[in-house]
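Computed from a predicted model, the values in this text were never measured in an experiment. By convention in this document, chain letters (A, B, ...) are assigned in the order of the sequence lines, proteins followed by strands, and residues within each chain are numbered from 1.
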Amino acid sequence: MHPSLDQVQKLLRDELKKAAGPPGENIPIMLERPKEAGHGDIATNLALLLAPRLKKSPREIAQTLVAALSLPEDILEEVEVAGPGFINFTLSRSFLRRGLRELLRCDESFGKLTTGQGKRAQVEFVSANPTGPLTVGHGRQAVLGDAVARILENASYAVEREYYFNDAGKQIRLLGQSIKAQYLRLSGEDASIPEGGYQGDYVEGLARRFMEKRGSLSPPPAEEEFTVFGREEAFAGIKRTLFRLGIHFDRYYSERSLFDSGRIENTIHALRAAGLAYDKDEALWLAGSTLGLDQDWVMVKSTGEPTYRLPDIAYHIHKLEQGYDLIVDVFGADHQATYPVVLAAVSSLGHDASSIEVLIHQFVTVKRGGREVKMSKRKGDFLTLDSLIDEVGTDAVRYFYLLRVRNSHLAFDVDLAVKESEENPVFYVQYAHARTAGILRHAKERGFSEPGMDCDADLLGEGEELALIRQLLVFPEVAAQVLKTLEPQRITVYLREVATAFHQFYQHHRVIGDEPALSRARLSLVKACRTVLSRGLGLLGVSAPDRM
RNA sequence: GCGCCUGUAGCUCAAUGGAUAGAGCAUCGGACUUCUAAUCCGAGGGUUCCGCGUUCGAGUCGCGGCAGGCGUGCCA
C-alpha cells in the first residue's frame, strides 16, 4: 500500500519527535510546504525552535536531527539542511510515480475525506427575507454557503442546506402594504407608499401582476392577501435565481412556524425561568449583562411583537435539538452584533452551542461606470443577482465570489466582471480542464485504450511532469485544510497552480507521440490532472467543461 | 464614543510566524505546420498605511495612530 502524502507527514512528525528527544518536549512539529521550488516538498523549522533551548546553532541541530532520522529509503530523494536551519525534504521520483498510480486508482474519490463519516451537518445561508429579488450582496452568501456545503459533503458529512426566512415581521407586512398602495394607484386611486416601505419597479410589477390575476376590485382586497401574494412571488423569483446558480435548499424554515409551534412562547418561559429576562417599560428584556454581554436587549417590544432576536434564539435551540454534529451559519457583516447575543442566550439555557460555527462575510459593494452603486432594497436601487448572472454567466459569478477571503470587502466591479468574461481567471482553470478532455478524446480516436494505473509511470521523469504530479498529489491536503478553515478561496488558489503546472507541461511535451508506452504514461498523467481539476471545480460548484 | 472587519504592485487579490512577499489583469517584448495560442516564455513594476514593541525570524502577533466598511434600533 502506497503511503499518502498525509501519511508521509505523519511519519516525518514521529521521526522528528523521536530525534528531538526530551528537549523537544512541548514543541509542536511544524511541517510546511515551501513556496520556493528549490526548497523541497516538505520543510520543518524544528531546529530553529530547538536552538534557544539547546543553545546551539540551528544548523548544527538540524544536522544532528537529520542524522538521527530513520526513514524508508524509497520515499525521500533528499534531506537537506538549508538557510538558517530549515530541514527540507524532497520526495523521490518513485514516490511521486506511485502517488500518481494511487491517484488513478482512487479516481473520482481522490481527495475524498472520511472526517464527517456518519455525521450530520447543517449549513444555513442566504436566508434573505422574501420581499424582493436577491441582490449582488446575497450572491456572495449564496455562493459561499453552497461551497461550504460542498466541502463538507466531500468530507462525507450528510449535509442539509437550510434557508431561514422571515414571514412574520414588519418587513414582510411593509411589502404587502407597498404592493397594495401600488395596486390602488393602478386603480386610479391616491395612495402613498407607507413609511419605510418598498419602492422599486418590481413592487409596481407585483401590483400589476396581482391586478392581472384578480382584476380591479372595489373594495380592494385585504392587506394580508397582498402580503401573501408578494411573498410567494418574491420566493418564486429567489428560487429561480438560486436554481440558476445551481443551488438548492433541503429546507426552507419559516419564522412564523416558530410562533405556530409554540417555540417562541417556550423560549420566553425558559428565559424567564432562568432569570435571564425581565420586564421594563412594557417590554421584555434579555439580561445581557448577566450573560457577559455589554448591554441588555429587547426581546419583545411594548407592542407585544418580538424583535428578530427572540425567533433567532428559538430557531437556534431548535437547530441544536436536532442533534447535528456541525451547524454552520453564514451571515453578512450586519449580523455580527446579533449572533453573540443569540449564542449567549442559547448557551445560558443549557444548550451546548459548541457545534455552531458562525461564518461572517464582509459586504459587497457594486461599482459601475467607475462609481459605487449604493444599494438599498427599500428604495429599489440595487443590482439584482439575476442581472449579474445574465451579464457574466453562472461559472464566472461563482468563481468571482469565491476568489476572495470572506473577511475582506468585495468590490464587485460590474464593468470589469463583464469585460473579464474574456480574461476571467475561471476560464484559465476551465480551459486546462477542456484541454485534458480534448487530449483524452484525441487519444481515444487514435485507438488508445482508457488510460489508467497500468501505465509505466517510470517513464515520467521530465521536470514539468514531476512538477505536475507533485501539484496533483497535494489535493487531499487542500481538501483537508479547506475543511478545517471553511475557506473555499484556497481551492481557487490551488486550482490555478494545478492549471499552471498543466499548461506548462502541455506546452513543453507532446502527450500523444511516437512512443506508445510514453504516450500511455502521459495520458494517465493527463487523466489524473483532469480528475483533480474537475474535483476541485466541483467543490466550488463551477462546471468543468470538456470543450470550450 | 465603543465593538467587529479591512488596508500588500497602476487595478483586483494571494501568502498555516519562516528562506529572495507571489498570481491574474493592465503595460512592453518573444513563441502557433502541433493533442485548442482562452496557452506558454521573458521584462518592468513594492517603504506590505504609519510608528513602537514581542523573537533567532513579522505582511502575519501585541500596543498606539491614520484611512475605509459594518455594527452599536422596541428595524431584519
Side-chain angles (χ1 to χ4, degrees), chain A residues 30-36 38-39 43-45 48-49 51-52 57-58 82-86 88 127-129 131 166 169-172 174 196 255 280-285 294-295 297-309 311-312 332-338 340 360-363 365 378 400 403-413 416-417 419-420 422-428 430-432 434-443 445-446 481 484-485 489-490 492-493 496-497 499-500 502-513 519 522-523 526 547-548:
Chain A
M30 303 286 286
L31 296 179
E32 57 165 18
R33 208 155 62 85
K35 23 188 174 181
E36 191 80 18
H39 293 159
T44 184
N45 60 353
L48 294 163
L49 298 176
S57 92
F86 291 99
N88 295 335
S127 296
N129 289 344
T131 54
N166 179 336
K170 186 172 160 189
Q171 296 309 323
I172 195 82
L174 275 171
E255 177 180 333
K280 194 182 90 183
D281 305 332
E282 294 177 29
L284 181 71
W285 293 71
D294 50 9
Q295 67 180 95
W297 301 91
V298 172
M299 291 287 117
V300 182
K301 301 182 228 172
S302 52
T303 59
E305 210 174 0
T307 64
Y308 61 91
R309 293 186 196 91
D312 273 2
D334 54 343
H335 279 67
Q336 65 183 240
T338 302
I360 298 281
H361 68 83
Q362 296 303 309
F363 267 36
T365 52
R378 285 171 214 172
F400 211 98
L403 230 30
R404 272 80 174 169
V405 288
R406 62 169 173 271
N407 255 340
S408 75
H409 302 268
L410 195 164
F412 211 120
D413 187 330
L416 186 71
K419 203 170 75 186
E420 276 192 355
E422 296 296 319
E423 302 288 339
N424 198 296
V426 68
F427 293 110
Y428 184 80
Q430 288 185 317
Y431 182 53
R435 262 186 164 172
T436 59
I439 294 170
L440 294 170
R441 211 163 39 230
H442 187 80
E445 286 163 9
R446 294 273 298 268
Q481 198 181 36
K484 212 166 109 188
T485 59
Q489 94 283 348
R490 291 172 184 277
T492 68
V493 174
R496 162 155 283 282
E497 288 170 358
T500 298
F502 172 73
H503 284 313
Q504 285 171 345
F505 159 73
Y506 175 90
Q507 202 72 25
H508 290 94
H509 306 288
R510 175 122 193 130
V511 177
I512 300 167
S519 297
R522 286 186 174 159
L523 278 169
V526 168
R547 295 170 202 267
M548 285 177 76

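- Put simply, A/Lys301 has a side-chain N or O that comes within less than 4.0 Å of OP1 or OP2 on B/C75.
- Nucleotide B/C56 is matched to B/G18 when pairs are restricted to Watson-Crick or G-U wobble geometry with both distances under 3.5 angstrom.
- Taking atom P on both nucleotides, B/G46 is separated from B/A21 by 12 Å, rounded to a whole Å.
- Judged by atom type and distance alone, A/Ser302 reaches the base of B/C74 through a side-chain donor-acceptor pair under 3.5 Å.
- At least one side-chain nitrogen or oxygen of A/Gln295 sits closer than 4.0 Å to the OP1 or OP2 atom of B/G73.
- A distance of about 39 Å separates the C1' atoms of B/A43 and B/C52, rounded to the whole Å.
- For the pair A/Tyr506 and B/A37, the criterion of a side-chain N or O lying under 4.0 Å from OP1 or OP2 is met.
- Taking atom C1' on both B/C5 and B/A37, the two are 42 Å apart, rounded to the nearest angstrom.
- Where A/Ile512 and A/Gln489 meet RNA chain B, the nucleotide closest to each residue was compared, and A/Gln489 sits on the side nearer the 5' end.
- If you take CG of A/Asp281 and C1' of B/G73, they are 15 Å apart, rounded to a whole angstrom.
- A/Arg309 has no side-chain polar atom (N or O) that falls below the 4.0 Å cut-off from OP1 or OP2 of B/A76.
- The side chain of A/Arg406 contributes no N or O atom lying less than 4.0 Å from OP1 or OP2 of B/C5.
- Within 4.0 Å of A/Leu49, counting heavy atoms only, lies at least one base atom of the nucleic acid.
- What separates CD of A/Gln504 from C1' of B/A31 is a distance of 15 Å, to the nearest Å.
- Residue A/Glu32 is the one, among A/Met548 and A/Glu32, whose nearest nucleotide of RNA chain B lies closer to the 5' end (criterion: closest heavy atom).
- Across the C1' atoms, B/G10 and B/G45 are found 9 Å apart, a figure rounded to whole Å.
- Computed from coordinates, the A/Glu255 CD to B/C75 P distance equals 14 Å when rounded to whole Å.
- The distance from atom CZ of A/Arg490 to atom C1' of B/A23 is 16 Å, rounded to the nearest whole Å.
- Atom P of B/U60 sits at a distance of 10 Å from the matching atom of B/C50, rounded to the whole Å.
- Atom P of B/C61 sits at a distance of 14 Å from the matching atom of B/C4, rounded to the whole Å.
- Taking the C1' atoms as reference points, B/A9 lies 15 Å from B/C49, given to the whole Å.
- In this structure, A/Met299 places its CE atom 14 Å from C1' of B/A76, rounding to the nearest Å.
- For the C1' atoms, the distance linking B/G18 with B/U39 amounts to 34 Å, nearest Å.
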